[in-house]
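I have placed the structure first, in the form of structure tokens, so that the comments after it can refer back to it.
Each chain gets a letter, A, B and so on, in the order its sequence line appears, and its residues count up from 1. Hydrogens, waters and symmetry mates play no part in the numbers below; they use all other heavy atoms, side chains included.
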2 protein chains.
Amino acid sequence: MKLSTRGRYGTRALLDLALHSDESPVPLKDIARRQQISLPYLEHLVTPLVAGEIIRSIRGAHGGISLLKSPEKIRLSEVIRLLEGSIAPVECVIHPDICPRVGSCAMCDIWDEIRKAICGVLEGTTLQELVERQRQKEASRNGETLGSEGAVRAEQPKDT
Amino acid sequence: MKLSTRGRYGTRALLDLALHSDESPVPLKDIARRQQISLPYLEHLVTPLVAGEIIRSIRGAHGGISLLKSPEKIRLSEVIRLLEGSIAPVECVIHPDICPRVGSCAMCDIWDEIRKAICGVLEGTTLQELVERQRQKEASRNGETLGSEGAVRAEQPKDT
DNA sequence: TACCATGTTGATTCATTTAGTCGACAATAT
DNA sequence: ATATTGTCGACTAAATGAATCAACATGGTA
Ligand code: FES
Ligand code: FES
């Protein structure tokens, strides 16, 4: 139940793009450098986002990628689906025909509840929210350094 | 973000055990047959559950495995943790020290929300509930065959 | 006691997926 | 033209997942 680098790097790249968007396209090279992702690998991560029409790319000098939709309209669920495929934790939830037990299997219900729970979080988070959250974190981090309000460092999660 | 066979087979095996528990231990052979899991593989799935003190095993003739706790006290979260390890979708949520970005990374918050959402479902489901749900499904399935109330066949999930 | 049925453990194999690189190519600005 | 950028597919290496097997330990039963 771990996210692969596709999901992790891909969302970071998209967030980076949103943070550095100012009309002109952002070159992959810049994103790769800032996010410490190898350029050739990042190219592959970006492909499904282009195909999914979340971003568009422009080739040639001064090219790069840019958002196709405003950040408020880009939901994380859509991004993760493009990067990682179906969100369901088991196949039979989404393709009930592949499992002979569907219909008399109690576990399926639970797996589907988990799918819904994950979708709920992802659906309810937009790129815009991530941008704001990130800006705020960076600001408060700088503030910390300057000596003003820290104390945001919360407790560790109790369960894994 | 897919569950491996450990989680899928393991929970099915445990549910099967709960359904067929009547004081005497249930041989792995029987569970393997009913759940269509190869016996040598099932042995490995059962090991962490024994180590986690959810079930106990008895060797020799008429041996097998049996629950150590009553089904109402066995939460799915515990089972999945034993079978699959940490529930967190990324490492940095549970080991914040491994990622240099922790503390100024907006994504971490989201990954942790997902962890909490999954935990919520898993924590809130006991083996007892699964047993009841399963019995009910089997009953209504037989009812279906006999001609009475079907119509439980719900709609497909809209999102993946 | 001998023997059979069962669980335990670790090694090993095979297949799949993940992560990443590379090279040839296409498009665009200057 | 040429340098810069994205696109695509082939390729490799490493990690993980799935499964099997053999050797052993242990407890019932004849
Ligand atoms: S039907 Fe396949 S796990 Fe429920
Ligand atoms: S700190 Fe590693 S992903 Fe957030």
Side-chain angles (χ1 to χ4, degrees), chain A residues 1-14 17 20 23-33 35-68 80 82-86 89-91, chain B residues 1-14 17 20 23-33 35-68 80 82-86 89-91:
Chain A
M1 285 292 281
K2 289 282 178 289
L3 228 45
S4 72
T5 51
R6 305 180 68 82
R8 288 184 283 126
Y9 292 4
T11 46
R12 262 172 45 209
L14 194 61
L17 168 61
H20 296 90
E23 301 308 308
S24 57
V26 180
L28 290 184
K29 202 196 336 178
D30 295 3
I31 299 179
R33 180 176 31 79
Q35 297 298 323
Q36 316 205 60
I37 303 170
S38 95
L39 178 56
Y41 193 40
L42 180 58
E43 287 165 355
H44 286 297
L45 301 183
V46 146
T47 305
L49 298 179
V50 174
E53 300 186 315
I54 286 192
I55 62 181
R56 123 191 99 112
S57 63
I58 297 158
R59 299 206 231 194
H62 300 303
I65 61 177
S66 52
L67 295 176
L68 258 182
I80 293 294
L82 289 171
L83 290 168
E84 296 256 344
S86 160
V90 297
E91 275 306 301
Chain B
M1 284 292 279
K2 288 282 179 287
L3 226 46
S4 73
T5 51
R6 305 179 68 80
R8 288 184 283 126
Y9 292 5
T11 46
R12 263 173 44 209
L14 194 60
L17 168 62
H20 296 90
E23 302 308 309
S24 57
V26 180
L28 290 184
K29 202 196 335 177
D30 295 3
I31 299 179
R33 180 176 31 77
Q35 298 296 323
Q36 316 205 62
I37 303 170
S38 95
L39 178 57
Y41 193 40
L42 180 58
E43 288 164 354
H44 286 293
L45 301 183
V46 147
T47 304
L49 298 180
V50 174
E53 299 185 316
I54 286 192
I55 63 181
R56 125 192 98 113
S57 63
I58 297 157
R59 300 207 229 194
H62 302 303
I65 59 176
S66 51
L67 294 175
L68 259 181
I80 293 293
L82 289 170
L83 290 168
E84 296 258 344
S86 159
V90 297
E91 275 306 301

**Asked** Separation of B:Leu45 atom CG from C:dT9 atom P, in whole Å?
**Response** 14 Å
**Asked** What is the distance, rounded to the nearest whole Å, between atom CG of B:Leu42 and atom C1' of C:dT6?
**Response** 13 Å
**Request:** Mind checking B:Pro40 for me? I need base, sugar-phosphate or nothing, with any heavy atom below 4.0 Å counting as a touch.
**Result:** base
**Request:** Take the protein atom CG of B:Asp30 and the nucleotide atom C1' of C:dG7, then report the distance between them rounded to whole Å.
**Result:** 14 Å
**Request:** Output the distance between atom CG (A:Leu45) and atom CD1 (A:Ile37), rounded to the nearest 0.5 Å.
**Result:** 6.5 Å
**Asked** How long is the gap from CD1 on A:Ile54 to CG on A:Leu83, to the nearest 0.5 Å?
**Response** 8.0 Å
**Fill in**
Of the candidates D:dT20, C:dG7, C:dT9, the side chain of B:Thr47 sits closest to C:dT9
**Prompt:** Expressed in angstrom and rounded to an integer, what is the separation of B:Leu17 atom CG from C:dT6 atom C1'?
**Reply:** 15 Å
**Prompt:** Counting only side-chain N and O atoms of B:Ser4, is one of them less than 4.0 Å from OP1 or OP2 of D:dT16?
**Reply:** no
**Request:** Let me know the distance between CD of B:Gln36 and P of D:dA18, rounded to the nearest Å.
**Result:** 17 Å
**Prompt:** Nearest-Å distance, CD1 (A:Ile58) to P (D:dT5)?
**Reply:** 13 Å
**Message:** Which nucleotide wins on minimum distance to the side chain of B:His62, given the candidates C:dT6, D:dG28, D:dC8?
**Reply:** D:dG28
**Proximal nucleotide (of D:dT20, C:dA19, D:dT7) relative to the B:Tyr41 side chain** = D:dT20
**Prompt:** How close or far is atom C1' of C:dT16 from atom NZ of B:Lys2, stated in whole angstroms?
**Reply:** 15 Å
**Message:** Using whole Å, what does the distance between atom P of nucleotide C:dT9 and atom CG of B:Leu49 come to?
**Reply:** 13 Å
**Heavy-atom donor-acceptor pair, B:His44 side-chain to C:dG10 base, under 3.5 Å** = yes
**Asked** Between A:Gly60 and A:Glu43, which is nearer to the 5' end of DNA chain C once each is assigned its nearest nucleotide?
**Response** A:Glu43
**Complete:** Separation between CD (B:Glu43) and CD1 (B:Ile65), nearest 0.5 Å, reads 11.0 Å
**Prompt:** Of the nucleotides C:dG7, D:dT7, C:dG20, which has the atom closest to the A:Tyr9 side chain?
**Reply:** C:dG20
**Fill in**
Side-chain atoms of B:Arg8 come closest, of D:dT7, C:dG20, D:dA18, to D:dA18
**Message:** Rounded to the nearest 0.5 Å, what separates atom OG in A:Ser86 from atom NZ in B:Lys2?
**Reply:** 4.0 Å
**Request:** Give a yes/no answer on whether the side chain of B:Lys29 brings an N or O atom under 4.0 Å of OP1 or OP2 in C:dT6.
**Result:** yes
**Prompt:** Any idea which of C:dT9, D:dT5, C:dG20 is nearest the A:Thr5 side chain?
**Reply:** C:dG20
**Message:** By nearest atom, which of the nucleotides D:dT7, D:dT4, D:dG27 is closest to the A:Ala61 side chain?
**Reply:** D:dT4
**Asked** Roughly how far apart are B:Leu68 CG and B:Ile55 CD1, rounded to 0.5 Å?
**Response** 8.0 Å
**Prompt:** So, is B:Ser38 near the phosphate of D:dA18, with a side-chain N or O under 4.0 Å from OP1 or OP2?
**Reply:** no
**Message:** Using 0.5 Å steps for rounding, measure from the CG atom of A:Asp30 to the CD atom of A:Gln35.
**Reply:** 11.5 Å
